[in-house]
Amino acid sequence: MSTKPQFYLTTAISYPNGAPHIGHAYELIASDAIARFKRLDGYDVFFLTGTDEHGQKMLQTAQKEGIEVRELADRNAANFKSMATALNASNDDFIRTTEERHRLSCQAIWKRMEEAGDIYLATYAGWYSVRDEAYYTEAETTVGTDHVRRGPQGTPVEWVEEESYFFRLSRFEQPLLKHYQDHPDFIGPDERRNEITSFVKSGLKDLSVSRTAFDWGIPVPGNPKHVMYVWVDALTNYLTATGFPDEQAERQHFWPANVHIIGKDIVRFHTVYWPAFLLSAGLPLPQRVFGHGFLFNRGEKMSKSVGNVIDPFALASHYGVDQLRYFFLREVPFGQDGNYSHEAIVTRINADLANDLGNLAQRSLSMIAKNLEGKAPQLQNLLPQDEAILALADALPEKCRHLMQNFALHQILAEIWRVVAEANRYFATEEPWIIRKTDQARFEVILAVTSEVLRAVAIMAQPVMPVACAKLLDLLGVPDTSRDFSHVGVKGRLDGGRMLPAPSGLFPRYVEEDTSAQDTTA
RNA sequence: GGCGGAGUAGCUCAGCUGGUUAGAGCAGAGGAAUCAUAAUCCUUGUGUCGGGAGUUCAAAUCUCUCCUUCGCUACCA
């Protein structure tokens with residue numbers, strides 16, 4: 001086991017009854033940036049993502065397509081897996097809830113909850129709409145003038161009773177409230193904590209945690225007529241991946257997770273049900289749950305009927321993976337909803353990446369190539385303005401680390417780009433292209449300072465743009481072993497004289513191919 | 001209905017516990033420079049800080065009220 005501090009983070013697992021969409025991509029990209037950040041900051045990271053493959057919807061989709069549900073799961077899970085690859089995610093594991101290890105884990109946590117006396121067999125009754133295939137509470141139904149009771153969708157409902165296991169969620173109302181109070185960071189962002197707290201305060205009912213209507217799920221131990229309610233099944237994946245219940249498992253020490261990164265729509269499952277299950281099973285709770293926002297296409301929610309569903313594979317190949325990652329994380333305050341559009345993506349790519357950073361690298365590195373025969377200049381004889389810009393760059397790890405405590409990914413990027421902007425001002429003010437004619441030594445210092453700032457920027461931006469930053473670090477002649485955050489600043493200063501490779505463009509400007517192609521995201 | 005957010009420049013948003021002429025980025029306008037991916041740098045905003053009332057020496061920042069908008073209000077995931 002590593003002596004480094006450990007950090008375990010997860011995405012939600014995706015429900016693969018369809019193709020991955022932009023929301024999946026966003027969550028994965030953000031989580032990956034956090035994972036990479038923590039690795040570069042000296043943590044032993046375990047980053048998990050995967051697919052949640054059980055439940056009635058999978059069954060229905062398979063039926064519709066005329067294939068076996070297993071086949072559907074295999075096919076679509078493979079899609080999600082390849083999305084992770086396409087987006088350059090650095091997940092250490094990819095869990096599928098149909099795996100044997102997960103069955104063992106779910107049945108183990110179930111038994112623990114049962115032994116704790118929190119699971120009992122009873123009858124689940126409710127108003128069921130065959131058309132909607134959903135249960136509704138009495139309050140959600142209305143009786144029309146024709147004396148027919150209907151659900152919210154206007155479809156007729158009937159009273160159905162089904163044998164079901166229940167989880168004594170009601171018992172956990174006070175323990176949960178106490179936990180929220182004692183651990184104010186448990187639910188983030190703050191708005192979500194308020195919502196959940198008021199939800200729990202309004203009272204918790206026991207939860208039906210098994211189904212008999214279908215069998216595509218994990219059998220309840222000792223009563224295989226029942227399969228577990230999908231959320232018992234799904235949430236437990238986080239535990240499964242650490243090897244639970246095997247206490248000798250290699251990754252056993254990663255539990256409890258440091259953070260679950262999830263969409264805001266499933267915060268309740270992660271901050272009410274999940275901790276209640278764990279409390280019942282006598283297991284430690286995850287430290288934090290963070291609900292990110294949704295991405296909207298020009299302010300509109302994506303939907304198949306509107307026809308604005310975007311394929312993340314297409315986006316990544318059209319704009320570039322690093323560019324897409326940068327856009328999502330820079331443009332949208334993490335935790336809030338955000339918008340994306342072709343215009344916004346192009347603006348970010350061209351203004352921030354090509355112009356501000358790419359061009360700065362290009363103009364400075366090509367000066368080194370042309371005037372210094374590709375030999376890196378020595379950082380020495382610094383003037384106050386040199387010290388000032390270096391101090392800004394050197395301060396980045398601490399600032400970013402602080403911002404990362406709240407997963408403020410957009411602010412981290414803003415902070416880094418503040419340094420880039422300052423470096424551009426520095427470069428323009430120092431006018432190395434003029435100094436070169438009169439003062440060769442000073443010319444070299446300016447380039448050395450600029451290179452040094454670029455080195456810090458490249459190191460800090462790696463979590464978001466791993467490929468481009470690696471390329472920039474290559475161009476700067478930074479050894480592979482000197483690229484973590486501890487190398488920003490004095491400790492990582494490189495000696496002059498090292499030979500740099502021939503500079504080449506970092507971020508090409510995005511140029512519209514033709515007007516008809518503008519509608520990639522429309 | 002209940003609870004909780006939000007409404008600040010053309011656009012996206014910062015503005016913590018109230019205090020000098022309300023900020024940033026993008027877009028727009030003018031200029032400088034020419035090393036560089038026609039990139040960069042400088043200058044440039046007469047904004048009823050949603051409406052109204054109140055507290056205060058002083059409010060975008062506190063209180064009340066109204067308007068608009070969004071989220072949560074349990075077993076599809």
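So that the names make sense, note that chain A is the first sequence line, chain B the second, and so on, each numbered from 1. Excluded from the calculations below are hydrogen atoms, water molecules and symmetry mates; all remaining heavy atoms, backbone and side chain alike, are included.
Taking only side-chain nitrogens and oxygens, A/Arg268 never comes nearer than 4.0 Å to OP1 or OP2 of B/rC72. Checking the phosphate oxygens (OP1, OP2) of B/rA77, no side-chain nitrogen or oxygen of A/Asn17 falls inside 4.0 Å. Under 4.0 angstrom from either OP1 or OP2 of B/rU73 there lies no side-chain N or O belonging to A/Lys201.
Base pairing of B/rG71 is made with B/rC3, judged by Watson-Crick or G-U wobble geometry with both donor-acceptor distances under 3.5 Å. Pair assignment for B/rU56: none, as no Watson-Crick or G-U wobble contacts are both less than 3.5 Å. The partner of B/rA39 cannot be assigned: no Watson-Crick or G-U wobble pair with both contacts below 3.5 Å exists in any strand. Figure legend. B/rA24 is base-paired to B/rU12; pairs are counted as Watson-Crick or G-U wobble with both atom distances under 3.5 Å.
Within 4.0 Å (heavy atoms only), A/Arg436 reaches no atom of the nucleic acid at all. Contact annotation for A/Trp231: base contact, defined as any heavy-atom pair under 4.0 Å involving a base atom. Residue contacts shown for A/Gly203 include a base, since a base heavy atom lies under 4.0 Å away. Residue A/Tyr229 is in sugar-phosphate contact alone, with no base atom involved, counting any heavy-atom pair closer than 4.0 Å across all strands shown. Across all strands shown, A/Gly358 has heavy atoms under 4.0 Å from base atoms, whether or not it also approaches the sugar-phosphate. Residue contacts for A/Leu365: at a heavy-atom cut-off of 4.0 Å it reaches no nucleic acid atom on any strand shown. Using a 4.0 Å heavy-atom distance criterion, A/Asp190 is classed as making no nucleic acid contact. Within the nucleic acid shown, A/Leu169 comes within 4.0 Å of at least one base atom, counting heavy atoms only. As judged by a 4.0 angstrom heavy-atom cut-off over every strand, A/Ser202 is placed among residues making no nucleic acid contact. Using a 4.0 Å heavy-atom distance criterion, A/Asp52 is classed as a sugar-phosphate-only contact. Among the protein residues, A/Leu360 comes within range of no part of the nucleic acid, since none of its heavy atoms lies under 4.0 Å from any strand. Residue A/Arg425 is classed as a sugar-phosphate contact, given heavy-atom separations below 4.0 Å to backbone atoms only. When heavy atoms are screened at a 4.0 angstrom cut-off, A/Gln336 is found touching the sugar-phosphate backbone but no base atom.
Between A/Leu357 and A/Ile266, the residue whose closest nucleotide on RNA chain B is further toward the 5' end is A/Leu357.
Rounded to whole Å, atom C1' of B/rC75 lies 12 Å from atom CG of A/Leu204. Between the NZ atom of A/Lys205 and the P atom of B/rU73 there is a distance of 13 Å, rounded to whole Å. Between the CD1 atom of A/Ile119 and the C1' atom of B/rC75 there is a distance of 15 Å, rounded to whole Å. We find that CZ of A/Phe199 is positioned 20 Å from P of B/rG2, with the value rounded to whole Å. A/Arg330 has its CZ atom 10 Å from the C1' atom of B/rC13, to the nearest Å.
With hydrogens and angles ignored, a donor-acceptor pair closer than 3.5 Å exists between the side chain of A/Asn359 and the base of B/rA36.
Checked against a 6.0 Å centroid threshold, the rings of A/Phe167 and A/Phe172 count as neighbours. If you look at A/His270 and A/Tyr238, their ring centroids are closer than 6.0 Å.
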Carefully, step by step, assess A/Thr212 and A/His226 under the rule side chain to side chain donor-acceptor pair (under 3.5 Å).
CA-CA 5 Å; A/Thr212 53; A/His226 290 253; 5.5 Å; no
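The side chain of A/Arg363 sits closest to B/rA36 out of B/rA36, B/rG71, B/rC75.
Ion pair A/Arg193/A/Asp190 flagged as a salt bridge, since at least one NZ, NE, NH1 or NH2 atom sits closer than 4.0 Å to an Asp/Glu carboxylate oxygen.
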